[in-house]
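These notes concern the structure reproduced below.
The shown structure was predicted, so the numbers you read here are calculated from the model rather than taken from an experiment. All values below come from the heavy atoms of this structure, side chains included, with hydrogens, waters and symmetry mates left out.
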Amino acid sequence: MAGMLRKVLASGIAAKVFQEARKPHNQEKIKKFISDFQAKQKGGGKGYGKGFPR
């Protein structure tokens, strides 16, 4: 019973996330987050966050 409840809850949350992601102002935020994340992964910047001690 708890497993089924967990699946129903997860699907409801996923539906809400998809609804919010379709809104234009949220699409702008998502695009900015993705571009910032990709820039960070490429090694842009001064090397912060790569696990090397300073």
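Between Gln27 and Arg22, the closest heavy-atom pair is NE2-O, 3.2 Å.
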For residues 31-39, which side-chain N or O atoms pair as donor and acceptor with protein atoms under 3.5 Å away, sequence neighbours left out?
residue	atom	partner	partner atom	Å
Lys32	NZ	Asp36	OD2	2.9
Ser35	OG	Lys31	O	3.3
Ser35	OG	Lys32	O	2.9

Enumerate, atom names and distances included, each donor-acceptor pair closer than 3.5 Å involving a side-chain atom of residues 7-18, sequence neighbours excluded.
residue	atom	partner	partner atom	Å
Ser11	OG	Lys7	O	3.3
Ser11	OG	Val8	O	2.9
Lys16	NZ	Glu20	OE2	3.4

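Apart from Met4 itself, the hydrophobic cluster it occupies contains Met1, where clustering links Ile, Leu, Val, Met, Phe, Trp and Tyr at side-chain heavy-atom distances under 4.5 Å.
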